[in-house]
Amino acid sequence: MQERLQKLMARANLGSRRSCEEIIAAGRVAVNGRVAKLGDKADPDTDRIEVDGRPLFAAASPSAHEPFVYIALNKPRGVISSLEDELEEGRTTVRDLIQIEGVGHIYPVGRLDKPSEGLVLMTNDGALAHRLTHPRYEHEKVYEVTVEGHIADAVLEQWRRGVMLDGRITAPAPIEVLERGHDVTRLRVILREGRKRQIRRVAAALGHPVRRLIRLSIGPLELGDLPSGQWRYLTEKEVGRLQRRAAEEPTRRGAARATRRNGKDHHADASA
C-alpha cells in the first residue's frame, strides 16, 4: 500500500510533515535508487526508501558492525519525540536522553506529543517499527489518562463507541475507570489507531480536557517501573514477543480502515 513519502518519514520521526517535505525537496530522499520529488508515494513493504543514503525502513540488520538495538525509554513531560529539534529552539529530544555510542541511527516507534509521558520504543529495526506503527496491524497501545472533572458514564460510553474526529468516527476504544473524583477522573484507555493527538482531542471535545497522559504499553512491551527520563535495553524475551506480534498478519478490518485512511492521506501513527 503506497503512502506519501513525507507521511512515512514523519512516522519514522524524522520531523514534522513540513520539515520532511523540505528534506524531499532538497533531493535527500531516494526510492529504489531514484531521487524522489514532492508528491511521490512508496510502499515500505516493497520499496527501498533512503534518506541521506540510509534506509528509512530497513528489512535486515544494518550491518555486522551495527546490530539491531531495542531500547525502552520513559519519556518525561516536555521532551519531543523527534530525532532533532527541527525548530531549533533548544528543545530536548528523546535521542538526547540516550547517551550511548556506536549504535548509529535509532529512532522512536510512534509519537508522544511534548506534554505526554511514558513508554517510547527506540530502535534501528525499521521493519519492526513499520509493523508496530502502521494502522493496518491494529497494535494496541495502553494509556493512563487523567482528565478534568467527574466524567459521567454516558460520556464514557460515547467515547468507547466512537467520537467524530476529522470527519469520521474514531474506532471503538476500551476504557476503564481507575479513579473518579469531583475534580478529576483517571482512566485506562486502549487505542488501536493513532490519529494526531487523538486522546487529547477527543477528551476536550467531550468537555474533559486531559491533565496528564502516560503511555503504559506498546503491544506486548510494558513501561513497568522504569523511572521517568531513564532507559534500558529490552530483554531477549521482550524482543521476541515484539517480533512475533509484528509478524502477525493484519486483520481484514484493520487493513480496510488503513486503505481508507491512506486514500485521505491521514497520519497513521501520531502522538496521543
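Predicted model only: the values in this text are computed from it and were never measured.
- Judged purely by atom type and a 3.5 angstrom limit, Glu193 uses its side chain to pair as donor or acceptor with the backbone of Ala171.
- Salt bridge annotation for Arg200-Asp113: present, with a cationic side-chain nitrogen under 4.0 angstrom from a carboxylate oxygen.
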Carefully, step by step, assess Met9 and Glu21 under the rule side-chain contact (heavy atoms from CB on, under 4.5 Å). CA-CA 9 Å; Met9 292 164 63; Glu21 289 174 352; over 6 Å; no
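- The backbone N or O of Gly149 sits less than 3.5 Å from a side-chain atom of Thr185, completing a donor-acceptor pair.
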Pair Ile23, Val51 - check side-chain contact (heavy atoms from CB on, under 4.5 Å), show working. CA-CA 8 Å; Ile23 293 174; Val51 180; 4.1 Å; yes
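- Between the CG atom of Leu73 and the OG atom of Ser228 there is a distance of 8.5 Å, given to the nearest 0.5 Å.
- Side-chain contact of Asn124 with Tyr107: a donor-acceptor pair under 3.5 Å is absent, judged by distance alone.
- Looking at Thr123, its side chain does come within 3.5 Å of a backbone N or O of Val69 through a donor-acceptor pair.
- If you take CG on Leu234 and CG on Leu221, they are separated by 5.0 Å, rounding to the nearest 0.5 Å.
- No donor-acceptor pair under 3.5 Å is formed between the side chain of Asn74 and the backbone N or O of Gln230.
- A salt bridge links Arg160 to Glu157: one of the charged nitrogens lies within less than 4.0 Å of a carboxylate oxygen.
- Across every non-hydrogen atom of Gln99 and Trp231, the tightest pair is N-NE1, 4.3 Å.
- Here the straight-line distance linking atom CD1 of Ile80 with atom CZ of Arg91 works out to 4.0 Å at 0.5 Å rounding.
- In this structure, Leu165 and Gln198 have side chains that are in contact, with non-hydrogen atoms separated by less than 4.5 Å.
- Considering every non-hydrogen atom in both Ala72 and Leu226, the closest pair reads O-CD2, 3.5 Å.
- Counting only heavy atoms from C-beta outward, the side chains of Leu97 and Pro76 approach each other to under 4.5 Å.
- Partner of Leu8 under the side chain to side chain contact (heavy atoms under 4.5 Å, CB included) criterion, chosen from Asp43, Ile49, Val29: Ile49.
- Classification of Asp153 and Arg180 as a salt-bridged pair holds, one side-chain N sitting under 4.0 Å from a carboxylate O.
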side-chain contact (heavy atoms from CB on, under 4.5 Å) evaluation trace for Trp159 with His208: CA-CA 11 Å; Trp159 190 346; His208 297 273; over 6 Å; no
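- Put simply, the side chain of Asp40 never gets that close to the backbone of Ala36: no donor and acceptor are under 3.5 Å apart.
- Contact of the Leu128 side chain with the Phe68 side chain is not registered, since no non-hydrogen atoms from C-beta on lie closer than 4.5 Å.
- The heavy-atom pair separating Val109 from Ala129 by the smallest distance is CG2-CB, 3.8 Å.
- For the side-chain hydrogen bond (donor to acceptor under 3.5 Å, both in side chains) criterion with Glu117, the lone passing option out of Arg77, Arg212, Arg215, Lys75 is Arg212.
- Under the 4.5 Å side-chain heavy-atom criterion for ILVMFWY residues, no single connected hydrophobic cluster contains both Ile169 and Leu191.
- Judged purely by atom type and a 3.5 angstrom limit, Arg192 has no side-chain atom pairing as donor or acceptor with the backbone of Ala173.
- Contact check on Asp166 versus Arg201 returns a salt bridge, with a Lys/Arg side-chain nitrogen under 4.0 Å from an Asp/Glu carboxylate oxygen.
- Across Ile24 and Gln6, no two heavy atoms sit closer than the pair CD1-N, 3.8 Å.
- Separating the NZ atom in Lys114 from the OG1 atom in Thr93 is a distance of 12.0 Å, to the nearest 0.5 Å.
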Are Arg188 and Glu144 close enough, and set up right, to give a salt bridge (charged side-chain N to carboxylate O under 4.0 Å, His left out), and what steps lead you there? CA-CA 5 Å; Arg188 182 178 183 269; Glu144 182 180 308; over 6 Å; no
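- Residues Leu38 and Leu5 are not in side-chain contact: their nearest non-hydrogen atoms beyond the backbone lie 4.5 Å or more apart.
- Salt bridge Arg232/Glu238: present, at least one basic N to carboxylate O contact under 4.0 Å.
- Counted by atom type alone, Ser116 and Arg197 present zero donor-acceptor pairs between their side chains at under 3.5 Å.
- Linking Ile, Leu, Val, Met, Phe, Trp and Tyr residues whenever their side-chain heavy atoms come within less than 4.5 Å leaves Leu178 and Leu206 in two separate clusters.
- To the nearest 0.5 Å, atom CZ of residue Arg241 and atom CD of residue Glu236 are 12.5 Å apart.
- Contact of the Ile199 side chain with the Tyr143 side chain is registered, since non-hydrogen atoms from C-beta on lie closer than 4.5 Å.
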Is there a side-chain contact (heavy atoms from CB on, under 4.5 Å) between Leu112 and Val120? Walk through the geometry before answering. CA-CA 8 Å; Leu112 276 178; Val120 173; 3.9 Å; yes
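- Judged by distance alone, with hydrogens and angles left aside, the side-chain atoms of Arg95 form a donor-acceptor pair with the main-chain N or O of Ile98 at under 3.5 Å.
- The two residues Val94 and Val79 have their closest heavy-atom pair at N-CG1, 3.6 Å.
- Both Val147 and Val177 are members of a single hydrophobic cluster when ILVMFWY side chains are connected at heavy-atom separations under 4.5 Å.
- Between the side chain of Asn32 and the backbone N or O of Arg48 there is at least one donor-acceptor pair closer than 3.5 Å.
- Side-chain atoms of His139 never come within 3.5 Å of backbone atoms of Gly219 as a donor-acceptor pair (strictly under, hydrogens ignored).
- Follow the hydrophobic side-chain contacts under 4.5 Å out from Val184 and you never reach Ile214; the two are in separate clusters.
- The structure places CG of Leu119 at 4.0 Å from CD1 of Ile218, a figure rounded to the nearest 0.5 Å.
- A pairwise comparison of heavy atoms in Val31 and Ala42 identifies CG1-CB, 4.1 Å as the closest pair.
- A continuous path of ILVMFWY side-chain contacts below 4.5 Å connects Ile106 to Tyr233, so both sit in one hydrophobic cluster.
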